[in-house]
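Everything on this sheet refers to the single structure shown next.
Here is how names work: the chains are called A, B, and so on, in the same order as the sequence lines, proteins then strands, and each is numbered from 1. These values consider heavy atoms only, across backbone and side chains, with no hydrogens, waters or symmetry-generated copies.
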Protein chains: 2
Amino acid sequence: MSTATHNAEALAQKLADSGLRSTPQREVVYEVLLKKRDHPTADEVFARVKSGLPTISLATVYNCLETLVQCDLVRAVNFERGPTRYCPNLRPHAHFHDEQTGKTHDIDLPSELLEKVSSVLPAGYDAKSVEIIFRGKATKAAH
Amino acid sequence: MSTATHNAEALAQKLADSGLRSTPQREVVYEVLLKKRDHPTADEVFARVKSGLPTISLATVYNCLETLVQCDLVRAVNFERGPTRYCPNLRPHAHFHDEQTGKTHDIDLPSELLEKVSSVLPAGYDAKSVEIIFRGKATKAAH
DNA sequence: TTGCACCTTAGAACCATTCCAATTTGTTGA
DNA sequence: TCAACAAATTGGAATGGTTCTAAGGTGCAA
């Protein structure tokens with residue numbers, strides 16, 4: 001079975017879990033995110049998706065991205081006012097924002113660190129998620 | 001010397017350091033941020049500032065906020081697509097975003113933790129700043 | 001095979017922000 | 001003191017990302 005087929009089935013499954021349908025648009029949008037993990041904006045996804053599905057509309061791309069976020073297949077990332085970016089990496093990770101290049105890199109986080117971070121919360125604060133963003137420059141490229 | 005006067009002088013000093021002038025607009029915008037530290041948007045700042053300076057324009061509020069950020073007197077905060085929020089708290093701190101109320105709380109961070117967090121960065125990544133955002137619900141109000 | 005809920009689509013509308021050109025204000029040095 | 005120049009403010013227009021709306025398509029379920 002090809003990777004694409006496998007992803008499509010995993011997607012169909014997750015969508016079904018939420019009572020939603022799998023559609024060509026949703027499949028292609030998801031494939032595009034998995035294929036090039038450079039935190040694209042909705043516009044960039046739109047451009048990439050069009051080569052496989054020329055009649056798709058921008059509104060649909062927004063809809064699909066929103067759906068994927070709801071189904072926990074994709075994370076929406078916002079830092080620095082500007083377009084939302086999308087990330088199919090579901091492992092716990094931080095983002096490193098390179099101020100020179102504007103590129104965003106994923107940084108894996110040991111679960112031990114996440115616990116440590118959450119432990120600074122005073123009583124009465126119940127965090128469902130933690131997001132960590134680094135800003136600076138990357139002197140060498142990473143994966 | 002009143003607090004307001006003291007703040008105004010600190011502001012004038014910081015502005016002068018960058019070769020900028022202190023103006024009534026900049027003073028009032030800064031006062032407004034210091035007075036109610038609830039991470040207001042530019043629009044909210046605009047509304048609050050108008051009571052003291054009825055002829056100020058929204059464009060000026062944006063300009064002043066940008067200036068204050070440049071002078072390191074204020075932090076601009078962006079999470080959740082939506083308007084930028086402004087925060088006069090300069091101590092290292094994280095933000096806790098209460099998903100029920102939409103309110104944002106400051107969480108002080110021990111410098112020891114910041115070091116720990118930064119230590120997860122692989123070689124080649126040089127972080128100038130770290131931002132930490134919690135999301136969840138606050139079962140009791142804090143400060 | 002008809003009905004109905006879900007999806008997609010194009011374009012209009014929206015909202016936060018930035019840009020622009022025209023004043024106003026402040027500062028400097030003649 | 002004043003002229004001249006720079007810095008700052010203003011209102012409105014323009015922009016860019018996103019959401020809304022209304023209309024048309026698609027596919028499962030009785």
Find the distance [X]:[atom1] to [N]:[atom2] and express it as a whole number of Å.
X     : N      : atom1 : atom2 : value
A:L58 : C:dA10 : CG    : C1'   : 11 Å
A:Y62 : D:dT18 : OH    : C1'   : 5 Å
A:L65 : D:dG17 : CG    : P     : 15 Å
B:N63 : C:dA21 : CG    : C1'   : 14 Å
A:Q25 : D:dG25 : CD    : P     : 14 Å
B:K50 : D:dT10 : NZ    : C1'   : 13 Å
B:L68 : D:dT9  : CG    : C1'   : 15 Å
A:I56 : D:dG25 : CD1   : P     : 18 Å

Distance check, rounded to the nearest 0.5 Å: B:H97 atom NE2 versus B:H105 atom NE2? 9.5 Å

Rounded to the nearest 0.5 Å, how far does CG of A:L114 lie from CD1 of A:I132? 6.0 Å

Give one of base, sugar-phosphate or nothing for B:T41, where a contact means two heavy atoms less than 4.0 Å apart. nothing

Start with the C-alpha distance between A:V45 and A:R48, add both sets of side-chain angles, then the distance that settles side-chain contact (heavy atoms from CB on, under 4.5 Å), and finish with yes or no. CA-CA 5 Å; A:V45 171; A:R48 294 176 197 176; 5.8 Å; no

Name every residue in residues 73-87 of chain B that has at least one heavy atom under 4.0 Å from any atom of DNA chain D, in order of residue number, or write none if there are no such residues. B:R81

Between D:dG27, C:dT9, C:dC19, which nucleotide has the shortest distance from any of its atoms to the side chain of A:A59? C:dT9

Judged by nearest nucleotide, the residue sitting upstream toward the 5' end of DNA chain D, B:S57 or B:G19, is B:G19

Identify, between A:D43 and B:C64, the residue whose nearest nucleotide on DNA chain D lies closer to the 5' end. B:C64

